[in-house]
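A note on names: the letters A, B, ... follow the listed sequences, proteins ahead of strands, and every chain is numbered from 1.
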Amino acid sequence: MPELPEVETTVQGLVPVLEGRRLTNVEARRADLRRAFPPDLRQRLTGARVVGLHRRAKYGLIDTDRGDTLVFHLGMSGRWRIDPEEPLGPHDHFVLETEEGRRAVLNDPRRFGSLDLVPTAALGEWEAFAKMGPEPLGDGFTADYLLAALAGRSAPIKAMLLDQRIVAGLGNIYVCEALHMAGISPTRAAGRISRPRLERLVEAIKAVLAAAIEAGGSTLRDYARPSGELGYFAKQWRVYGREGESCGCGGPVRRRVDSGRSTFYCPRCQRV
DNA sequence: AGACGTACCTGACCGC
DNA sequence: TGCGGTCAGGTACGTC
């Protein structure tokens, strides 16, 4: 699930539990996810007060009053559970407990996620963020920006939109959706898309992300409940996961695979 | 440099 | 019921 909207709603869901709270208990139940945890993770967090929660691209940021930021990435299967009633399971890897006795538990079966502790003042230079492109919902993400960023690039537009150095936070689902909304073929060479069509694309990206955050916000309430489990995100997608179904135009939605990744699209609506 | 494929890991699902 | 194959939101790295 976790693309930008899911990380955004996750961070929003952590705010009432963690913001302004002191972390009285921090437990790493294994030493790594995709990468090793910082060895001093526990010492640096225990006793610290959370002073802010933010998101950058698909990363969640938890700032403490010690000048550290806990940076989490959910990978493919990560999620935070709030005050779980069941005993912790094998995929519950990391626990933050506040002085109020509330718990946030990071669960990640596939373990493609990550946890890092970065000095808050140096976040901009942190490796993953240093070369990252603009936030798609920010003012810096415009048709002019995209035009310049894609100039001369022969790779398909879909691959470019997944490249976090071009724009940071999009994943497979929302790229498919945005390209469909904008009527652009996923295989179109990125550097050969006209400015007016890039304008449509930028608008489509902002619209689909905003709508997904809105939808995620409504289901997160269920998610944050003790019983956990999902609903998570309503499937109102136009093409993603809809191979063989009919597009709004009447034509069939197709799926193709490149580099092991599925692309869903409508050949009629997305000719070029 | 850029484009592309593969690896990482587990669980869900499908057909036999 | 069990078993093997396929697929899944992510990024990083190797190779041409």
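C/dA8 atom C1' lies 5 Å from atom CE of A/Met76, rounded to whole Å. Between A/Asp258 atom CG and C/dA8 atom P there is a gap of 12 Å when expressed in whole angstrom units. As rounded to whole Å, 11 Å separates atom C1' of C/dG9 from atom CG of A/Asp108. If you take CZ of A/Arg110 and C1' of B/dT10, they are 7 Å apart, rounded to a whole angstrom. When rounded to the nearest whole Å, the span between CG of A/Asn172 and C1' of C/dA8 equals 10 Å. Whole-Å rounding puts the A/Arg153 CZ to B/dA1 P distance at 12 Å. Taking atom CD1 of residue A/Ile166 and atom P of nucleotide B/dG2, one finds them 9 Å apart after rounding to whole Å. What separates CE of A/Met160 from C1' of B/dA1 is a distance of 12 Å, to the nearest Å.
Across the C1' atoms, C/dA12 and B/dG11 are found 23 Å apart, a figure rounded to whole Å. Spacing between B/dA3 and C/dG9 at atom P, rounded to whole Å, works out to 22 Å. Nucleotides B/dC9 and C/dG14 have their P atoms positioned 16 Å apart, rounded to a whole Å.
At a threshold of 4.0 angstrom between heavy atoms, the contacts of A/Ser262 are confined to the sugar-phosphate backbone, with no base atom among them. The residue A/Pro90 sits apart from the nucleic acid: no heavy atom pair falls under 4.0 Å.
In this structure, A/His93 contributes its side chain and A/Asp108 its backbone to a donor-acceptor pair below 3.5 Å. In this structure, the side chain of A/Glu97 does not engage the main chain of A/Arg102 through any donor-acceptor pair within 3.5 Å. Judged by distance alone, the side chain of A/Glu135 and the main-chain N or O of A/Ala57 form a donor-acceptor pair under 3.5 Å. A/Asp68 contributes no side-chain N or O that, together with a main-chain N or O of A/Leu117, makes up a donor-acceptor pair within less than 3.5 Å.
Residue A/Pro2 has its side chain nearest to C/dG9 when only C/dG9, C/dC7, B/dG5 are considered.
Put simply, A/Ser77 has no side-chain N or O that comes within less than 4.0 Å of OP1 or OP2 on B/dC9. Regarding contacts with the backbone of B/dA7, every side-chain N or O of A/Arg111 stays at 4.0 angstrom or more from both OP1 and OP2. Within the structure, every side-chain polar atom (N or O) of A/His91 is placed at least 4.0 Å from both OP1 and OP2 of B/dC9.
Ring centers of A/Tyr59 and A/Phe129: under 6.0 Å apart, within the cut-off. Checked against the 6.0 Å centroid criterion, the rings of A/Phe264 and A/Trp237 do not qualify as a close aromatic pair.
Residue side chain A/Phe112 fails the stacking definition with respect to B/dC9, as its ring centre and the base's six-membered ring centre are not both under 5.5 angstrom apart and under 30 degrees in plane angle.
Residues A/Cys176 and A/Thr263 are in side-chain contact: their nearest non-hydrogen atoms beyond the backbone lie under 4.5 Å apart.
Residue whose closest nucleotide on DNA chain B sits further toward the 5' end, between A/Gly152 and A/Pro109: A/Gly152.
For the pair A/Arg165 and A/Asp163, the salt-bridge criterion is met [side-chain N within less than 4.0 Å of a carboxylate O].
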> Along nucleotides 11-16 of chain C, 5' to 3', which nucleotides get a B, which get an S, and which get a -, given that the test is a protein heavy-atom distance under 4.0 Å?
Replying inline: BS----
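Remark: C/dG4 base-pairs with B/dC14; criterion is Watson-Crick or G-U wobble with both hydrogen-bond distances under 3.5 Å.
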